[in-house]
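The next block holds one structure in the form of structure tokens; read it before the comments.
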Amino acid sequence: MSALVEPRLDADGSERRAIRELVDFSGKVVLEIGCGTGRLTWCYADSAASVLAVDLREPDIEQARLRTPQSLRGRVTFVAADATVLELPAGAFTVALLSRSI
Amino acid sequence: MHVLNKVHCSLRAGGVLLDTHPEPENPSIEVRLASGTVVPIGTIDASALISNIHTARASLGQVIASGNFHPEREVTFEFLAEHASVEAWLAYREQRDTTGKLSDTVIARARTLLSKSPGVIVVRERSRALTLVRI
């Protein structure tokens with residue numbers, strides 16, 4: 001399989017602007033389902049208290065881990081799993097983000 | 001367990017669910033030339049995806065009706081996916097198991113335009129972002 005040439009998703013930043021308009025992530029404990037390679041994670045993670053980002057695709061999660069800036073390590077955790085069966089602490093999160101994931 | 005039920009269990013009361021999803025309609029495709037000219041070349045037949053979107057909206061309606069969440073705000077926006085070439089676009093669609101159907105005519109239009117002038121392919125999806133508050 002040839003290497004995937006990634007498109008520029010949300011090329012003009014409209015989705016990121018919409019997300020920031022709707023939610024203030026400051027100090028929030030965030031669960032992100034369907035995080036992919038962390039495309040949206042990076043637009044809010046620096047202000048969140050912590051982030052658990054989940055995606056089914058192991059290669060995407062590996063990419064996301066590789067791309068995690070040093071400043072966010074320890075605050076952002078990427079997990080390759082099916083969120084519907086993953087054990088999650090009850091009532092632990094203040095924001096849940098689902099981008100094209102329902 | 002449905003993902004929305006999982007989210008309900010995981011959020012504390014007053015927590016916010018933020019969902020984004022495309023509108024239930026076919027995405028449009030255009031070629032954006034380096035000169036700035038934008039040429040619409042067709043749409044993707046997203047019938048299967050549209051069906052999934054209706055199902056997702058029904059699920060959101062269900063968790064609201066059941067009293068697990070109440071709707072707060074929503075905004076609409078256009079989600080743009082920009083592909084560097086026809087080959088990159090087709091490879092991405094293949095590797096991501098894209099369900100939408102793309103006609104040979106649309107692909108041929110893109111190839112013709114990009115063979116004459118540099119540019120990119122843009123797939124445009126009207127989308128919606130909404131927040132629900134966990135009760």
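So you know, we letter chains A, B, ... as the sequences are listed, proteins then strands, and number each from 1.
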Measuring only between side-chain heavy atoms, which start at C-beta, is B:Tyr92 closer than 4.5 Å to A:Leu9?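 Contact flag for B:Tyr92/A:Leu9 side chains = yes.
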With the side chain counted from C-beta on, respond yes when A:Arg100 and B:Thr20 share a heavy-atom pair under 4.5 Å apart, and no when they do not.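 A side-chain contact under 4.5 Å exists here.
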What I want to check is whether the side chains of A:Glu15 and B:Ser127 have a donor and an acceptor closer together than 3.5 Å.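 Side chains of A:Glu15 and B:Ser127: no pair found under 3.5 Å.
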Honestly curious: do [X] and [Y] fall in one hydrophobic cluster under the side-chain, below-4.5 Å linking rule?
X: B:Leu33; Y: B:Val123; answer: yes
X: A:Leu22; Y: A:Val30; answer: yes
X: A:Leu56; Y: B:Leu49; answer: no
X: A:Phe93; Y: B:Phe69; answer: yes
X: B:Val39; Y: B:Ile121; answer: yes

[X], part contacting chain A, at a heavy-atom distance under 4.5 Å:
X: B:Glu125; answer: side chain
X: B:Leu4; answer: side chain
X: B:Leu130; answer: backbone

Side chain from CB out, backbone as N, CA, C, O: work out which of these in [X] comes under 4.5 Å of a heavy atom of chain B, or both, or neither.
X: A:Val23; value: side chain
X: A:Glu21; value: both
X: A:Leu40; value: neither
X: A:Leu97; value: both
X: A:Asp60; value: side chain

Top of B:His21, B:Arg57, B:Arg73, B:His83 for chain A proximity - count of heavy-atom pairs under 4.5 angstrom: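 Maximum pair count with chain A is reached by B:Arg73.
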For chain A, the option from B:Gly14, B:Ser10, B:Ala56 that forms the most heavy-atom pairs under 4.5 Å: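 Option with the top pair count is B:Ser10.
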[atom1] of [X] to [atom2] of [Y]: how many Å apart, nearest 0.5 Å?
X: B:Phe77; Y: A:Asp10; atom1: CZ; atom2: CG; result: 7.0 Å
X: B:Arg96; Y: A:Glu6; atom1: CZ; atom2: CD; result: 7.0 Å
X: A:Thr84; Y: B:His2; atom1: OG1; atom2: NE2; result: 9.5 Å

For each of A:Leu88, A:Leu31, A:Val29, tally heavy-atom pairs with chain B at distances under 4.5 Å, and name the one with the top tally.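 The option with the most such pairs is A:Leu88.
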Please name the pair of heavy atoms, one in [X] and one in [Y], separated by the smallest distance, quoted to 0.1 Å.
X: B:Leu18; Y: A:Phe25; result: CD2-CZ, 4.1 Å
X: A:Leu98; Y: B:Leu17; result: CD1-CD1, 3.1 Å
X: B:Val75; Y: A:Ala18; result: CG2-CB, 3.6 Å

Is B:Lys6 salt-bridged to A:Asp82, cutoff N-O under 4.0 Å?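 No salt bridge links B:Lys6 with A:Asp82.
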